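Structure first, then comments.
If you're wondering where the values come from, they're calculated on a predicted model, not measured in any experiment.
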Amino acid sequence: MKIFTALILRDLNIAFRFGADTLASVLFFILCGSLFPLALGPSPDLLRHMGPGIIWVCALLASLLPLDRMFGAELEDGSLDLLMLTTLPAYAIALAKITAHWLTTGIPLLLASIPLGIMLGIKINELPLLLTTLAIGTACLSLLGGMAASIVLGARRGGVLLPLLVLPLATPVLIFGASASYATQLGTSATASLDLLGACLLASLPLCPFAAGQGLKAAVG
């Protein structure tokens with residue numbers, strides 16, 4: 001457990017020291033969301049109605065940006081080989097890296113979604129549900145992204161293959177998350193969509209780190 005925690009803290013320190021990836025994801029998220037009013041027009045009702053969906057799509061795309069560096073930097077400098085020699089299992093190494101990715105990407109996207117949501121006209125009482133769905137959804141996206149990043153690790157054109165692997169897998173998360181986010185606006189219950197979104201997280205939590213661990217073993221040989 002000490003090595004697991006130390007690995008998370010190490011990645012957090014690196015992320016804070018070299019914050020370009022995190023900053024790039026947040027800026028991309030905000031800029032991408034800011035383009036929709038220019039394309040859809042200034043109608044407040046239309047923007048408010050489409051706001052949760054816009055934020056979810058932007059969050060999905062922004063979470064893809066730092067994925068190719070999740071394991072790539074360690075593979076290039078050889079530290080991934082040293083990590084694999086520790087007593088920590090490969091799936092635990094993958095889970096620690098995925099956890100650090102969510103803390104440095106998912107949390108900033110959650111915070112950035114508040115001003116973006118207000119800009120799109122989403123009401124204050126609709127934000128808590130939107131943030132709840134994004135908290136669960138971004139965790140799912142980090143798990144799926146970590147698995148895909150390990151699979152393409154060391155492969156030629158891995159950066160091109162990565163979104164092609166993640167986007168189809170993330171489609172249910174996007175559907176259930178966006179559906180739950182609209183519940184307050186439409187006056188319906190979000191229970192069913194939240195349950196399905198939680199089921200996606202519970203299914204991803206054991207499976208994705210295990211698959212990512214196998215990918216790391218294959219990458220280091």
Side-chain angles (χ1 to χ4, degrees), residues 25 28-29 32-33 36 46-67 70 91 94-114 116-118 120-151 162-215:
S25 297
F28 176 84
F29 175 70
C32 188
F36 280 88
L46 178 62
L47 291 177
R48 175 174 172 261
H49 180 67
M50 299 190 69
I54 292 172
I55 290 176
W56 259 95
V57 171
C58 294
L60 170 60
L61 297 177
S63 67
L64 294 176
L65 291 182
L67 284 181
M70 184 184 291
Y91 69 85
L95 181 59
K97 302 282 292 180
I98 291 169
T99 303
H101 174 271
W102 182 73
L103 291 173
T104 56
T105 303
I107 297 296
L109 290 182
L110 280 178
L111 298 176
S113 68
I114 297 174
L116 182 59
I118 294 173
L120 293 173
I122 297 176
K123 295 183 178 179
I124 299 298
N125 65 327
E126 298 169 0
L127 285 176
L129 183 57
L130 175 63
L131 294 177
T132 302
T133 60
L134 283 174
I136 302 172
T138 51
C140 290
L141 296 177
S142 291
L143 287 162
L144 294 171
M147 179 183 67
S150 70
I151 292 174
L162 196 51
L164 298 179
L165 285 175
V166 174
L167 290 178
L169 295 173
T171 302
V173 178
L174 177 67
I175 293 173
F176 300 139
S179 176
S181 302
Y182 278 107
T184 306
Q185 192 175 122
L186 299 176
T188 58
S189 173
T191 304
S193 297
L194 279 176
D195 287 346
L196 291 170
L197 187 61
C200 290
L201 178 60
L202 291 178
S204 302
L205 197 55
L207 295 177
C208 291
F210 179 77
Q214 298 303 311

| task | Starting at SG of Cys200, measure out to CG of Leu144 and round the result to the nearest 0.5 Å. | result | 8.5 Å

| salt bridge (charged side-chain N to carboxylate O under 4.0 Å, His left out) contacts in which one or both residues fall within residues 121-131, not counting sequence neighbours | Arg48-Glu126

| said: Can you list everything that forms a side-chain hydrogen bond (donor to acceptor under 3.5 Å, both in side chains) with Ser179? Sequence neighbours excluded, please. | reply: Ser193

| said: Going by side chain to side chain contact (heavy atoms under 4.5 Å, CB included), name the residues that satisfy it together with Ser113, two or more places apart in sequence or in a different chain. | reply: Phe29, Ile55, Leu131, Leu134

| field | CA sep, side-chain torsions, deciding dist, call: Leu143, Trp102, side chain to side chain contact (heavy atoms under 4.5 Å, CB included) | value | CA-CA 9 Å; Leu143 287 162; Trp102 182 73; over 6 Å; no

| What pairs of residues pass the salt bridge (charged side-chain N to carboxylate O under 4.0 Å, His left out) test when at least one of them lies in residues 192-203, not counting sequence neighbours? | none

| task | Kindly write out the residues that satisfy side chain to side chain contact (heavy atoms under 4.5 Å, CB included) with Ile54, not counting sequence neighbours, or none if the list is empty. | result | Phe36, Leu40, Met50, Cys58, Leu120

| query | Can you tell me if Lys97 uses its side chain to pair, donor with acceptor, with the backbone of Met70 under 3.5 Å? | reply | yes

| message | Just so I know, are the side chains of Leu95 and Thr99 near enough to count as touching, which here means a heavy-atom distance under 4.5 Å? | response | yes

| remark: Applied to residues 126-145, the ring-ring contact (aromatic ring centres under 6.0 Å, His included) test, sequence neighbours excluded, yields none

| query | Can you tell me if CZ on Phe210 sees more than 12 non-hydrogen neighbours from other groups inside 6.0 Å? | reply | no

| query | Taking atom CG of Leu174 and atom CG of Leu169, what is their separation to the nearest 0.5 Å? | reply | 13.0 Å

| field | Point-to-point distance, once rounded to the nearest 0.5 Å, from OG of Ser204 to CD1 of Ile136 | value | 12.0 Å

| request: Identify the two heavy atoms, one from Ala135 and one from Leu110, that lie closest to each other, and give their separation to 0.1 Å. | output: N-CD2, 3.6 Å

| request: Any chance you could measure Leu207, atom CG, to Tyr91, atom OH, to the nearest 0.5 Å? | output: 13.5 Å

| Any residue meeting side chain to side chain contact (heavy atoms under 4.5 Å, CB included) with Leu127, in chain and number order, not counting sequence neighbours | Ile114, Ile118, Ile122, Ile124, Leu130

| remark: So side chain to side chain donor-acceptor pair (under 3.5 Å) across residues 162-173, not counting sequence neighbours, yields none

| said: Suppose we screen for side chain to side chain contact (heavy atoms under 4.5 Å, CB included). Which residues come up paired with Ala211, at least two apart in sequence or across chains? | reply: Met147

| So which pairs with a foot in residues 179-207 pass ring-ring contact (aromatic ring centres under 6.0 Å, His included), sequence neighbours left out? | His49-Tyr182

| task | For Ala148 and Val166, work out which heavy atoms get closest and say how close. | result | CB-CG2, 3.5 Å

| Who passes side-chain hydrogen bond (donor to acceptor under 3.5 Å, both in side chains) against Thr105, sequence neighbours left out? | none

| Set of residues satisfying side-chain hydrogen bond (donor to acceptor under 3.5 Å, both in side chains) with respect to Ser142, sequence neighbours excluded | His101

| query | For the residue pair Ala212 and Ala94, what are the closest heavy atoms and their distance? | reply | CB-CB, 3.6 Å

| remark: Rounding to 0.5 Å, atoms CG (Leu109) and OG1 (Thr104) come to a distance of 9.5 Å

| message | When you compare the side chain of Ser181 with that of Leu129, does any pair of heavy atoms fall below 4.5 Å? | response | no

| field | Reported CG-to-OG distance for the pair Leu194 and Ser189, which is rounded to 0.5 angstrom | value | 8.0 Å

| message | So Leu64 and Leu141, do their side chains get closer than 4.5 Å, heavy atoms only? | response | no

